[in-house]
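Everything on this sheet refers to the single structure shown next.
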Amino acid sequence: MGINTERDIEANLQIGPTDQGMVRLFIEGSGIEIPMDFDPEEAEEIAEEIRAAAQAARAVKG
């Protein structure tokens, strides 16, 4: 399975700061909880990757 494989799985995503100065991505679904903590610099890099992926996705649809 890869990034282009569709799945019928529902999940919730929450994003926010922690009281330890980290950025947390919290994924919850199908009886599982996954907290992923990143320092602010890593979070900004992830945000840039998401923006680049969104731009590439627009080009595919365009």
Grouping I, L, V, M, F, W and Y whenever their side-chain heavy atoms are under 4.5 Å apart, do I50 and I34 come out in a common cluster? yes

In short, side-chain hydrogen bond (donor to acceptor under 3.5 Å, both in side chains) pairs touching residues 16-41 with sequence neighbours left out are R24-D37

Applying side-chain contact (heavy atoms from CB on, under 4.5 Å) to L25 and not counting sequence neighbours gives L13, I15, M36, F38

Residue pairs meeting salt bridge (Lys or Arg N to Asp or Glu O under 4.0 Å), one or both in residues 51-62, sequence neighbours left out, come to none

